Amino acid sequence: MAGGYSAAAWTRIRFLDGPVCDGCGIPFEYDPGARCAACLAKPRAFDAARAACLYDETSRDPILKLKHADRVDLAPMLARWISRAAAELIEEADAIMPVPLHPLRLLGRRYNQAAEIARPLAAMTGTPYLPDALVRRRATASQGGKSGSGRRRNVAGAFDVPARRRRQVEGLRILLIDDVLTTGATAEGCARALKAAGAARVDLAVVARVQAPPGLAI
């Protein structure tokens, strides 16, 4: 077993090895071009996204164990998944950064699952790790169960780059790391804050992305 993950479970994970939308990472059945219709109609605040696999009953097990069951030992395995799926974005990145938690949420959970993935990813790829430049200045309710518009409202203005940290992001190409991409509202909030602080580009890499409207607990 790899990271406590059985061979049988591995075969059921839907890794995204084929063509995907450059904008949001959603898989294509064939390669129709760089971006899906949704991204062409309304470009995201982040520049490009990649996901290692689809979020489903199989892949959510290690993600939820890391997020809620103190299984930080799974983080290096999830980082390796991302390192394969987002190799091009990693190669272009000047720094790797996790989606931040609000201090109150961090106090309750005791660790940030995105940071637990981002740290070993930075180490294994030799990319500078930038954990503190972006902050979540407003405590937000859980995104679970909210519509796309509800998620956007929930995180509106929640992220910021403090003035003393702006020099750390100015002109950089930043790769933002999170566990799951659902509607992209959280990542877009982060990207807007980073670009307002002078980041040249913000890409996103996640362990898994939801293909259909949210239905599984995250």
Side-chain angles (χ1 to χ4, degrees), residues 2-7 9-36 38-39 44-67 71-99 112-130 173-184 186-188 190-191 201-212 214 216 218:
Y5 219 50
S6 70
W10 268 95
T11 63
R12 295 194 300 272
I13 295 175
R14 298 168 67 187
F15 287 105
L16 298 180
D17 298 322
V20 299
C21 170
D22 186 57
C24 69
I26 198 166
F28 291 140
E29 291 185 8
Y30 60 96
D31 192 354
R35 305 227 163 187
C36 68
C39 286
R44 307 279 188 147
F46 49 83
D47 293 279
R50 294 292 184 274
C53 62
L54 288 181
Y55 188 78
D56 56 21
E57 293 286 354
T58 305
S59 65
R60 74 170 180 163
D61 180 63
I63 293 170
L64 292 186
K65 283 179 177 176
L66 168 62
K67 191 170 185 176
R71 289 294 306 277
V72 293
D73 60 295
L74 293 172
M77 177 186 74
L78 301 180
R80 286 192 294 273
W81 293 5
I82 290 178
S83 72
R84 293 192 295 270
E88 292 181 6
L89 299 184
I90 293 168
E91 184 176 352
E92 296 175 354
D94 296 312
I96 284 176
M97 174 186 296
V99 169
N112 177 359
Q113 76 278 2
E116 294 301 317
I117 298 168
R119 191 183 308 109
L121 178 65
M124 72 177 63
T125 60
T127 310
Y129 179 52
L130 194 60
R173 297 166 297 181
I174 293 172
L175 181 60
L176 193 65
I177 303 299
D178 207 358
D179 52 358
V180 179
L181 172 62
T182 307
T183 64
T186 297
E188 289 198 88
C190 292
R201 179 183 175 98
V202 179
D203 295 319
L204 173 69
V206 299
V207 178
R209 66 153 294 129
V210 174
Q211 185 170 28
L216 293 174
I218 296 175

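Values below: all heavy atoms of this structure, side chains included; hydrogens, waters and symmetry mates excluded. Fair warning: this is a prediction, and the values are worked out from it, not measured in the lab.
One distance of note links SG of C36 with CD1 of I26; it measures 6.0 Å at 0.5 Å rounding. Taking CG from L175 and CG from L130, the interatomic distance works out to 12.0 Å, rounded to the nearest 0.5 Å. Taken to the nearest 0.5 Å, the CG atom of D179 stands 8.0 Å off from the OH atom of Y55. Rounded to the nearest 0.5 angstrom, D56 CG and D61 CG are separated by 11.0 Å. In this structure, L89 CG and L204 CG are separated by 9.0 Å, a value rounded to the nearest 0.5 Å. The line from CD1 of I96 to CD1 of I90 is 5.5 Å long, rounded to the nearest 0.5 Å.
Remark: the backbone N or O of R173 is paired with a side-chain donor or acceptor of D94 at under 3.5 angstrom. Under a 3.5 Å cut-off, the side chain of R209 and the backbone N or O of C24 do form a donor-acceptor pair. Without hydrogens or angle criteria, D178 side chain to V206 main chain gives no donor-acceptor distance under 3.5 Å. A donor-acceptor pair under 3.5 Å is absent between the side-chain atoms of R50 and the main chain of V207, judged by distance alone. Formation of a donor-acceptor pair under 3.5 Å by the D47 side chain with backbone atoms of V202 is found in this model.
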Applying side-chain contact (heavy atoms from CB on, under 4.5 Å) to D203 and L176, what does each step give before you reach the verdict?
CA-CA 6 Å; D203 295 319; L176 193 65; over 6 Å; no
With side-chain contact (heavy atoms from CB on, under 4.5 Å) as the test, would you mind laying out the steps for E91 and E88 before giving the verdict? CA-CA 5 Å; E91 184 176 352; E88 292 181 6; 5.6 Å; no
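Taking all atoms of both residues into account, the shortest heavy-atom contact from P98 to N112 is CB-ND2, 4.3 Å. Closest of all the heavy-atom pairs between P62 and L74 is O-CD1, 3.6 Å. Nearest heavy atom pair, residue A208 against residue S59, reads CB-OG, 4.4 Å. Among all heavy-atom pairs drawn from F46 and G184, the shortest one is CE2-O, 4.0 Å. Contact between R35 and F28 at its shortest, heavy atoms only, is C-CZ, 3.9 Å. Minimum heavy-atom separation, P76 to M124: O-CE, 4.0 Å.
Annotation for R14: atom CZ does not count as buried by contact number, only 12 or fewer foreign heavy atoms lying within 6.0 Å. The 12-atom threshold is exceeded at CD of E92, counting heavy atoms of other residues, nucleotides or ligands nearer than 6.0 Å.
Here salt bridge (Lys or Arg N to Asp or Glu O under 4.0 Å) pairs that include residues 114-124, with residues two or more places apart or in two chains, are E116-R119.
Listed by chain and residue number, A52 satisfy the side-chain contact (heavy atoms from CB on, under 4.5 Å) test with A85 (two or more places apart in sequence, or in another chain).
Between L181 and V210 there is no side-chain heavy-atom pair separated by less than 4.5 Å. C39 has its side chain within reach of R44: a pair of non-hydrogen atoms, C-beta onward, lies under 4.5 Å apart.
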